[in-house]
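Shown next, in structure tokens, is the structure this report addresses.
First listed ligand is number 1; within each ligand, the first listed atom is number 1. Predicted model only: the values in this text are computed from it and were never measured.
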Amino acid sequence: MSEQNLTSVLKEERVFAPPPPFSLQAGIGSMEQYQALCDEAKQDPEAFWARQAGELLDWIQPWDTVLDWEAPFAKWFEGGKLNLSANCLDRHLANWRRNKAALIWEGEPGDSRTLTYQQLHYEVCRFTNVLKKLGVVKGDRVAIYMPMIPELAIAMLACARMGAVHNIVFGGFSAESLRDRIDDAQAKMVVTADGGWRRGQIVPLKDMVDQAIDGLNCVQQVVMVKRTGQQVAFHPGRDHWWHDIIDCVDANAVPEPLDSEHPLFILYTSGTTGKPKGVVHSTAGYLLGATYSSKLVFDLKDTDTYWCTADIGWITGHSYVVYGLLSNGATTLMYEGAPNYPEADRFWKIIDKHRVSIFYTAPTAIRAFIKWGEKWPLRHDLSSLRLLGTVGEPINPEAWIWYHSVIGKNRCPIVDTWWQTETGAMMIAPLPGATPLKPGTATLPLPGIFPEVVDREGKPVGANEGGYLVITHPWPSMLRTVYGDPERYVQNYWTRYPGLYFTGDGARRDADGYFWIMGRVDDVLNVSGHRLGTMEVESALVSHEAVAEAAVVGKPDEIRGESVVAFVTLESSYTASEELKDTLRQHVVKEIGAIARPEDLIFTDALPKTRSGKIMRRLLRDIAAGKQATGDTSTLEDASILDKLRDA
Ligand code: PRX
């Protein structure tokens, strides 16, 4: 979105009050209760978070200081010691939850497994001992590149148990992307599988790992789960089958007492530069954010069967498939495959079969469901649902209404949750028993979170005025740094408005104080709810010998939100052809992954630039969207380029 578009035009007047039966049973059942929490937090944020940390988490040793804030570097609960896996597992073994389902898993081919808290604990302890046996020590990085199978959750909890730092890479990323992430984190081990199932096809994960780590010295061991059973290369001494090595260890693994600020994981995400950033999260603060928000926003009950459709390779899966749910003692469902395999009703079938009560998905998925048609959900009994959620991008009001009526039968509140990889946990979201909903807004901040909409100078703007979304106070689950690059952390998030965290999003606040997110204001795209830096795709394109220069912009897409459009100038020895277009598209898929594949690729003799050489993306965005390029073109170096591009 260009900075000039910050005047929001969306006018949505419909308001949906929480259904009284929902409010009656909810943890927070009224706006008065919500307001009381907000007031408590506002009066003394540190005391508020200390109370939450004491009530929600189990500590091995209490903290000395709640917050040490040397802006922009925060330390929360210093002096305290705890173990995240003990909070997610061990503490539930002492009561009736021991035999409660922690994880219900369904594979794409239809196989399924259920692990109780006791069983999950057993597996996690054993895998902790595998990590130790293979030489992983506290603080080492372990890369995880896996399908959505229980071993993925087991591996991450085992890392947390011994203090190894996990670095999960989404299984849709290419070998090149995986290599960059393993290399940047200097991972000592990779945990993977032979393959995973996606729309009936095998995703060859182990082959990708072999390519990715070829010649990388840091990786000493690879552990792989046998999932799909196809032939894979096996490097003796380096590679181990999960099922073999796990039989060589026992299940005694005492949870390591870890400092509150011990790094829990690194997760790479796109920014405005060509190289993804390794967002670093801490142990105590992150876990507190994930636990607190899950409890409040999902209004969790012990009787719930909760399902978040995100892949664990994204932050949503970290916080809301695994950590926030298990720490609350909930039952979390995990599904391996595609929503339309074998048919377009797979999700509804799963909800029906497992009697799912809370369903959390992305607007892009909802738009696909709408396209596939109502007949698919109507075939199934969805009466077990009591709460719906969305995340990843603004939800268009029409999709919201469809979700509310066709899936929720006008009975289930929808929690539209705004947050980011960097925030670790939800920041702006309704509390379903309290907050009146308006389709298209994530509504109000969680108690203890202080967002604001500011102008270019950092001053708060008035109601309904567009501006930049910032967070004015540190919060426990905030990222701590960019791995190996604290400068970049400061530069990216804290320089634009000193003392304020800059989210990169545009927003407006309406007269009721509701936040309406208007999308990114930087060079970051949101494709199917996933972040993609335009620079990242441009770097991938120019790494091909045929490409002289490339500019990438987003264009509105009915299902995905945005799609990738690339403008490419060629080296003089190459001529434009459909074949070359395909080659370049494939090249991007190889460099980054299928998510970055340019939908449109346009060859051009030159790119529109300012006299100082800056590419004028605003104009390219208009051209990509088929609009007349509007606004100021006076700084354009060569105005004739625009006409040529329009005709291209
Ligand atoms: O632009 C916002 C959008 O997704 C960005 C964060 O992307 P990522 O770190 O990949 O995390 C996605 C899952 C938390 C934000 O800066 N975004 C996320 N949720 C919403 C949203 N935009 C509007 N409404 C949301 N509910």
Side-chain angles (χ1 to χ4, degrees), residues 1 8 10 12 168 170 172-173 265-272 276-279 281 286 289-290 293-294 297 308-321 323-324 360-366 388-397 399-400 403 414-430 435 437-446 449 451 453 468-471 477-479 482 492-493 501-509 514-533 536 554 560-562 595-596:
M1 187 183 58
S8 175
L10 196 65
E12 174 57 58
I168 306 181
F170 170 57
F173 278 120
F265 66 83
I266 305 170
L267 183 60
Y268 286 83
T269 190
S270 298
T272 48
K277 323 176 264 236
V279 167
H281 278 289
Y286 169 80
S293 55
S294 298
V297 177
C308 165
T309 64
D311 193 287
I312 292 176
W314 306 109
I315 189 70
T316 306
H318 284 58
S319 302
Y320 301 113
V321 175
Y323 291 133
Y360 188 38
T361 194
T364 182
I366 297 168
L388 303 172
T390 71
V391 59
E393 59 180 306
I395 181 166
N396 43 312
W400 194 101
Y403 195 31
I414 297 178
V415 287
D416 173 350
T417 61
W418 178 88
W419 57 294
Q420 308 179 296
T421 305
E422 291 87 345
T423 69
M426 297 163 183
M427 304 288 277
I428 304 177
T435 318
L437 307 174
K438 303 182 198 179
T441 162
T443 74
L444 298 164
L446 295 197
I449 302 296
V453 181
Y468 304 94
L469 183 67
V470 298
I471 314 290
S477 65
M478 63 192 274
L479 79 163
V482 170
N492 252 287
Y493 305 104
Y501 169 83
F502 178 54
T503 64
D505 280 347
R508 83 178 156 95
R509 215 171 170 178
Y514 282 35
F515 287 83
W516 296 76
I517 309 297
M518 292 147 58
R520 304 288 304 193
V521 291
D522 50 13
D523 291 326
V524 173
L525 307 181
N526 190 327
V527 179
S528 301
H530 300 309
R531 237 203 266 185
L532 201 57
E536 228 177 302
R560 287 172 288 192
E562 269 185 302
I595 187 181

Which atoms of ligand 1 are found less than 4.0 Å from any heavy atom of Val391? 13 (C), 14 (C)

So is Gly392 in contact with ligand 1, going by heavy-atom distances below 4.0 Å? yes

Between Phe173 and Tyr268, is the ring centre distance below 6.0 Å? no

Donor-acceptor pair, side chain of Ser319 and main chain of Gly424, under 3.5 angstrom: yes

Just by distance, do the side chain of Thr503 and the backbone of Leu469 share a donor-acceptor pair under 3.5 Å? yes

Going by the salt bridge (Lys or Arg N to Asp or Glu O under 4.0 Å) test, which pairs reach into residues 523-532, not counting sequence neighbours? Glu422-Arg531, Asp523-Arg617

Is there a heavy atom of Arg520 sitting under 4.0 angstrom from any atom of ligand 1? yes

Any N/O pair Gln420/ligand 1 closer than 3.5 Å: yes

Per-atom filter on ligand 1: closer than 4.0 angstrom to a heavy atom of Thr417 are 19 (N), 20 (C), 25 (C), 26 (N)

Ranked by distance from atom 11 (O) of ligand 1, the top protein heavy atom is Thr421 N, 3.7 Å

Checking a contact table here: which protein heavy atom is nearest atom 15 (C) of ligand 1, and how many Å away? Asp505 OD2, 3.2 Å

Atom 23 (C) of ligand 1 sits nearest the protein heavy atom Pro394 N, 3.1 Å

Heavy-atom pair with the smallest gap, counting every atom of Ile595 and Leu532: O-CD2, 3.9 Å

Which residue owns the protein heavy atom closest to atom 7 (O) of ligand 1, what's the atom, and how far is it? Arg531 NE, 3.4 Å

Give the numbers and elements of all ligand 1 atoms closer than 4.0 Å to a heavy atom of Asn526. 3 (C), 4 (O)

Which of parallel (below 30°), tilted (30 to 60°) and perpendicular (above 60°) describes His281 and Phe265? tilted

List the closest protein heavy-atom neighbour of atom 6 (C) of ligand 1: residue, atom name, distance to the nearest 0.1 Å. Trp419 O, 3.7 Å

Going by atom types only, do Thr423 and Tyr501 share a side-chain donor-acceptor pair under 3.5 Å? no

Under 3.5 Å donor-acceptor, Asp311 side chain and Gly317 backbone: no

Using a 4.0 Å cut-off to any heavy atom of Asp416, which atoms of ligand 1 qualify? 24 (N), 25 (C), 26 (N)

Could you work out, with side-chain hydrogen bond (donor to acceptor under 3.5 Å, both in side chains) as the rule, every residue matching Trp314, not counting sequence neighbours? His530

Using a strict cut-off of 4.0 Å, indicate which atoms of ligand 1 neighbour a heavy atom of Thr316. 13 (C), 14 (C)

Under 3.5 Å, is there a donor on one side chain and an acceptor on the other for Tyr360 and Thr417? yes

A student checking ligand 1 against Ile517 at a 4.0 Å heavy-atom cut-off should list atoms 22 (N), 23 (C)

Where on Glu393 is there a heavy atom closer than 4.0 Å to ligand 1, on the side chain, on the backbone, on both, or on neither? backbone

